[in-house]
Amino acid sequence: MPELPEVETTRLGIAPYACGKRIRELVVREPRLRWPVPADLGARLRGQKILSVERRAKYLLFNTAVGTLLVHLGMSGSLRVIRKATAPQKHDHIDISLQGGIILRYCDPRRFGCFLWREPGEDHPLLRHLGPEPLSSDFHEDYLYGKSRGRKGAVKNLIMDGKVVVGVGNIYANEALFRAGVRPDRQAGRISAVRYRLLTAAIKQVLTTAIEQGGTTLKDFVGGDGKPGYFAQALLVYGREGLPCTRCNAPLRQLRLGQRTTVYCVACQR
DNA sequence: CGCTGACCCTGACGGC
DNA sequence: TGCCGTCAGGGTCAGC
């Protein structure tokens, strides 16, 4: 489920329950995630206080004095707050049991997520080559324009490339391109600086709005009914193939780019 | 270095 | 009902 807004929503939802608490134990029912959960992860975390919960790209970082627990939700993962112990369901692979009885329960049917360890000061390979955060000032029009020069691939693939900018998943790539009026399959290197200004702004806007609306999902999330819920945000193109464009009424078209479904308006996006 | 395609896994859904 | 193919919001990696 998670795109960046949902990861951020998750972070905001669990941080108040996790920060300052000690980890009682890590209960790993299924270690076979994207990479195996390290066998000594529980031993490292036991008794450690969670000093902060940060996010980098779509990774959640649980910082302790002895190192950092690195969590990715993959495609289908969720991490929710369990107030009173209930029986784990089918794909509830890991519990982070906290002092005070709260459990952070990790569910991930497809097991594309991960639980890994980072030593203090370590330059972790999974984080090493990540591009700037899309909502930071490091991500700006000149930066994206510069990155695009010489690239022959589709612009949609460029903005979904984590080495260029992190956190732009398939849904929001589609949405941002529509709002910026840029065709997803256009060669990245052949788009003007002016249009990269529009695109950069659209990416920031669409993610900001989604995070704000993710905030409304927050209560459900923390309340522990387990419903990941999706953003109430109206998606203008994603999932609307064949339906009329909200701007010009032309039927939206679909194609595949980098093995991912792409929807756009032939008339509005150039 | 840039780009493409394979791959990791389960579940939902549509067609027959 | 059941079986089969297709698709799904993540990302890494090998190979050219």
Side-chain angles (χ1 to χ4, degrees), chain A residues 1-11 29-37 55-60 70-79 89-94 106-116 124-131 134 144 146-178 184-190 203 206-207 209-211 213-214 217 221 226-242 254-263:
Chain A
M1 304 268 178
E3 287 234 11
L4 182 135
E6 261 195 349
V7 179
E8 181 63 11
T9 298
T10 297
R11 186 184 75 80
R29 286 177 285 269
E30 173 56 86
R32 295 174 302 167
L33 304 184
R34 176 71 168 84
W35 294 279
V37 178
R55 181 186 59 73
R56 175 74 177 102
K58 291 171 185 165
Y59 292 91
L60 290 167
L70 209 142
V71 175
H72 198 289
L73 303 178
M75 207 102 130
S76 58
S78 64
L79 195 58
Q89 305 297 299
K90 190 169 181 189
H91 298 293
D92 290 343
H93 302 316
I94 299 176
Y106 175 75
C107 175
D108 186 4
R110 292 175 73 179
R111 292 191 276 123
F112 283 2
C114 64
F115 267 60
L116 295 171
H124 197 283
L126 290 174
L127 307 180
R128 190 175 299 158
H129 301 293
L130 294 179
L144 188 58
K147 283 287 177 185
S148 73
R149 293 305 92 181
R151 306 238 343 193
K152 294 203 185 299
V155 61
K156 178 160 177 270
N157 293 344
L158 177 79
I159 62 174
M160 289 183 71
D161 182 346
K163 293 191 287 299
V164 174
V165 57
V166 300
V168 183
N170 193 35
I171 293 180
Y172 293 107
N174 279 296
E175 295 298 312
L177 286 160
F178 174 75
D185 58 351
R186 180 128 287 174
Q187 274 188 23
R190 301 182 58 187
I203 290 170
V206 98
L207 290 174
T209 305
I211 289 172
Q213 299 196 1
T217 313
F221 224 96
K227 277 214 169 128
Y230 206 58
F231 304 101
Q233 154 150 9
L235 298 174
L236 301 184
V237 285
Y238 183 81
R240 297 194 67 245
E241 190 262 333
Q254 182 166 309
L255 55 85
R256 285 185 86 73
L257 283 177
Q259 287 126 279
R260 292 226 138 85
T261 298
T262 305
V263 187

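Below, chain A is the first sequence line, B the second, and so on; all start at residue 1.
Between Asp161(A) atom CG and dG10(C) atom P the separation is 13 Å, expressed in whole Å. Rounded to whole Å, atom C1' of dG5(B) lies 12 Å from atom CZ of Arg256(A). Rounded to whole angstrom, the span from the NZ atom of Lys147(A) across to the C1' atom of dC3(B) amounts to 15 Å. Taking atom CD of Gln259(A) as the reference point, atom C1' of dA6(B) lies 8 Å away to the nearest angstrom. In this structure, Arg34(A) atom CZ and dC7(B) atom C1' are separated by 8 Å, rounded to whole Å. In this structure, His124(A) atom NE2 and dG11(C) atom C1' are separated by 14 Å, rounded to whole Å. Protein atom OH of Tyr106(A) is 13 Å distant from nucleotide atom C1' of dT10(B), rounded to whole Å. With rounding to whole Å, Glu6(A) atom CD is found 11 Å from dG10(C) atom P.
With DNA chain C read from its 5' end, the first of the two nearest nucleotides for Arg110(A) and Pro125(A) is the one closest to Arg110(A). DNA chain B is contacted by both His91(A) and Ala154(A); Ala154(A) maps to the nucleotide lying nearer its 5′ end (nearest heavy atom per residue).
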Q. Can you list the steps and then say if Val166(A) with Arg56(A) is a side-chain contact (heavy atoms from CB on, under 4.5 Å)?
A. CA-CA 8 Å; Val166(A) 300; Arg56(A) 175 74 177 102; 3.7 Å; yes
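Nearest to the side-chain atoms of Asn170(A) among the listed nucleotides dT10(B), dG10(C), dG2(B) stands dG10(C). Candidate nucleotides dC9(B), dG10(C), dC3(B) were compared by shortest atom distance to the side chain of Lys152(A), and dC3(B) ranks first. Of the listed nucleotides (dG11(C), dT10(B), dT4(B)), dG11(C) has the atom at the smallest distance from the side chain of His72(A).
Closest heavy-atom contact between Cys114(A) and Leu33(A): CA-CD1, 4.0 Å. Here the closest non-hydrogen pair linking Asp108(A) and Ser76(A) is OD1-OG, 2.6 Å.
The residue Lys90(A) sits close only to the backbone: its heavy atoms come under 4.0 Å of sugar-phosphate atoms, none of a base. Across all strands shown, Arg151(A) has heavy atoms under 4.0 Å from sugar-phosphate atoms exclusively, and none from any base.
Under the Watson-Crick or G-U wobble criterion, with both distances below 3.5 Å, dC16(C) is paired with dG2(B).
Ring-base stacking between Phe112(A) and dC8(B) is satisfied, the centre separation being under 5.5 Å and the plane angle under 30°.
With contacts defined as side-chain heavy-atom distances shorter than 4.5 Å, the pair Val237(A)/Glu175(A) qualifies.
Below 30°, between 30° and 60°, or above 60°: for Tyr106(A) and Phe115(A) the angle between ring planes is above 60°, a perpendicular geometry.
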